[in-house]
There are 2 protein chains.
Amino acid sequence: MSTAEETAGGEAQPWGEVTPDAARRLLLAAVEAFAERGYHATTTRDIASRAGMSPAALYIHYKTKEELLHRISRIGHEKALEILRTASRAEGSATERLADAVSSFVRWHAGGRTTARVVQYELDSLGPDARAEILGLRRKVDAEVRGIIEEGVRSGEFDVVDVHGTTLAVLSLCIDVARWFNVDGPRTPEEVGALYADLVLRMVGAGGPGAAQR
Amino acid sequence: MSTAEETAGGEAQPWGEVTPDAARRLLLAAVEAFAERGYHATTTRDIASRAGMSPAALYIHYKTKEELLHRISRIGHEKALEILRTASRAEGSATERLADAVSSFVRWHAGGRTTARVVQYELDSLGPDARAEILGLRRKVDAEVRGIIEEGVRSGEFDVVDVHGTTLAVLSLCIDVARWFNVDGPRTPEEVGALYADLVLRMVGAGGPGAAQR
DNA sequence: GCTGAGGGTGAGCGGGCGCTTAGCGAGCCC
DNA sequence: GGGCTCGCTAAGCGCCCGCTCACCCTCAGC
């Protein structure tokens with residue numbers, strides 16, 4: 001049904017690359033705490049106790065609290081980029097690839113809302129260097145979506161005047177899902193992904209004149 | 001050109017209703033500080049010094065730091081609601097009113113990004129009671145936009161399957177402007193407002209089948 | 001000119017923060 | 001089985017937070 005398959009579920013078995021087991025537990029605890037209360041409102045004692053460890057244990061695996069946020073942010077952005085790249089480089093028309101990209105990107109933001117919230121909304125809490133590195137990843141994310149839209153315009157599938165502005169709006173729409181999505185709410189990540197893919201295709205005028213419906 | 005005229009400029013002469021002059025200066029300082037660094041990362045000393053006062057002066061006009069956020073959030077939400085109501089209750093087709101609502105709502109989020117950021121993104125820092133009050137205002141905001149979309153569907157102007165979901169997406173798109181908009185960037189609030197009005201009309205299938213362009 | 005009220009200040013409180021350090025105990029090498 | 005390594009803890013340092021309190025100016029009323 002989709003090209004980016006099990007990745008979009010969210011937190012199936014992520015953070016697998018974080019290697020000492022204790023470090024991974026701390027990182028996971030930090031993600032939860034940051035998502036619930038925000039970076040600045042979270043204390044190192046809170047993170048450590050969620051991981052079942054003493055406050056000092058954190059500093060064996062991470063130099064500072066900010067390093068935790070940096071690691072979370074980088075891994076999360078790389079995951080997001082990978083999801084978009086998978087959809088973007090699949091076979092199919094620009095229309096199919098854009099729909100696939102949006103729906104899997106949205107499913108990631110909805111299903112893995114905990115992670116996505118931290119990744120998308122705590123960027124400003126990073127120091128200048130870490131922030132600059134993450135902004136580089138964001139530019140790649142932007143380029144990936146813009147690429148699909150440009151190809152659709154070139155092939156005549158899409159009707160878009162302001163490609164940059166529309167790219168921004170499409171990404172913005174997907175990212176904001178992490179702000180409002182509620183796991184206990186009436187919609188599943190899959191439903192939101194399908195709805196948003198449809199809305200985005202309308203935004204780019206896919207289907208050509210006369211085909212408002214998908 | 002627009003029904004909601006000078007309100008959308010952002011911070012022309014807002015906070016006029018905050019009455020002792022010192023209280024208004026403190027509130028304005030708090031808005032700036034919260035927008036730049038976030039609620040939890042802002043200190044009462046920072047707010048007071050931005051307002052040119054001593055740290056203790058804050059507590060003459062406000063009981064706690066949270067009361068500042070609460071006041072800002074309520075005034076901001078009331079302003080946002082007023083903007084949408086003005087557009088919603090104007091004369092004209094649902095298409096015209098939706099375009100007007102989106103463009104003025106977006107102009108407010110872009111032009112008054114400082115305020116909008118605090119209003120839209122610091123909600124979770126409020127206590128339960130204040131939070132519940134603000135959520136009530138948000139439901140009214142949602143109802144206003146949903147009303148326009150429902151009327152457009154009824155009149156046959158719009159082609160929307162999931163009215164609630166589409167309303168959510170339209171509002172989400174507008175609100176997220178406060179996250180990414182950059183005053184020093186290439187776009188003016190007016191340009192973003194016009195682009196977004198166009199995109200939203202496409203999302204609701206305005207113009208009927210065969211009229212992808214506005 | 002005295003008085004009272006109210007907006008403002010300087011100094012500082014109790015507490016919780018990020019982070020450090022000395023030391024402990026389990027497991028591996030020889 | 002003695003000693004080393006390493007993941008971890010208990011205790012706590014220094015700092016800065018939100019907030020308070022005793023006091024001080026300024027100015028209106030008489």
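Every chain is numbered from 1 and lettered A, B, ... according to where its sequence line falls, protein lines coming before strand lines.
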Could you give the CG-to-P distance, from B/Asp46 to D/dC17, as a whole number of Å?
9 Å
Under 4.0 Å between a side-chain N/O of A/Ser54 and OP1 or OP2 of D/dA10, yes or no?
no
Test salt bridge (Lys or Arg N to Asp or Glu O under 4.0 Å) applied to B/Glu36 and B/Arg50, B/Arg113, B/Arg117, the passing residue
B/Arg50
Nearest of D/dC19, C/dG18, D/dC8 to any side-chain atom of B/Lys65?
D/dC19
Is there a side-chain contact between B/His40 and the phosphate of D/dC17, meaning an N or O under 4.0 Å from OP1 or OP2?
no
Side chains of A/Arg45 and A/Ser49: donor-acceptor distance under 3.5 Å anywhere?
no
Separation of D/dC16 C1' from B/Arg37 CZ (nearest whole Å)
13 Å
Looking only at side-chain N and O atoms, does B/His40 offer a donor or acceptor that is under 3.5 Å from a partner on B/Glu122?
no
Looking just at side-chain N and O atoms, do B/Asp176 and B/Tyr121 make a donor-acceptor pair shorter than 3.5 Å?
yes
Whole angstrom value for the distance that separates P of C/dG18 from CD of A/Glu67
15 Å
Which nucleotide wins on minimum distance to the side chain of A/Thr44, given the candidates D/dC17, C/dG18, C/dG7?
C/dG18
Gap between atoms OH and P, on A/Tyr59 and C/dG18 respectively (whole Å)
6 Å
May I have the distance from B/Ile60 (atom CD1) to D/dA22 (atom P), rounded to whole angstrom?
15 Å
Looking only at side-chain atoms of A/Met53, point me to the closest of D/dC17, D/dT9, C/dC19.
D/dT9
Write down the distance between CD1 (B/Ile47) and P (D/dG18), rounded to a whole number of angstrom.
8 Å
Could you list all N or O pairs between the protein and nucleotides 21-28 of chain C that sit under 3.5 Å apart?
none

Nearest to the side chain of B/His61, which nucleotide is it out of D/dC8, C/dC19, C/dG8?
C/dG8
For A/Glu151 and A/Arg97 the tightest heavy-atom approach is OE1-NH2, 2.8 Å
Which of parallel (below 30°), tilted (30 to 60°) and perpendicular (above 60°) describes A/Trp108 and A/Phe105?
parallel
Nucleotide C/dC17, atom P - distance to CG of A/Leu58 in whole Å
14 Å
Which of A/Arg139, A/Arg85, A/Arg138 passes salt bridge (Lys or Arg N to Asp or Glu O under 4.0 Å) with A/Glu144? It is A/Arg85
For the pair made of OH in A/Tyr62 and P in D/dG7, what is the distance, rounded to whole Å?
13 Å
Would you mind telling me which of C/dC19, D/dC8, D/dC17 lies closest to the side-chain atoms of B/Arg45?
D/dC17
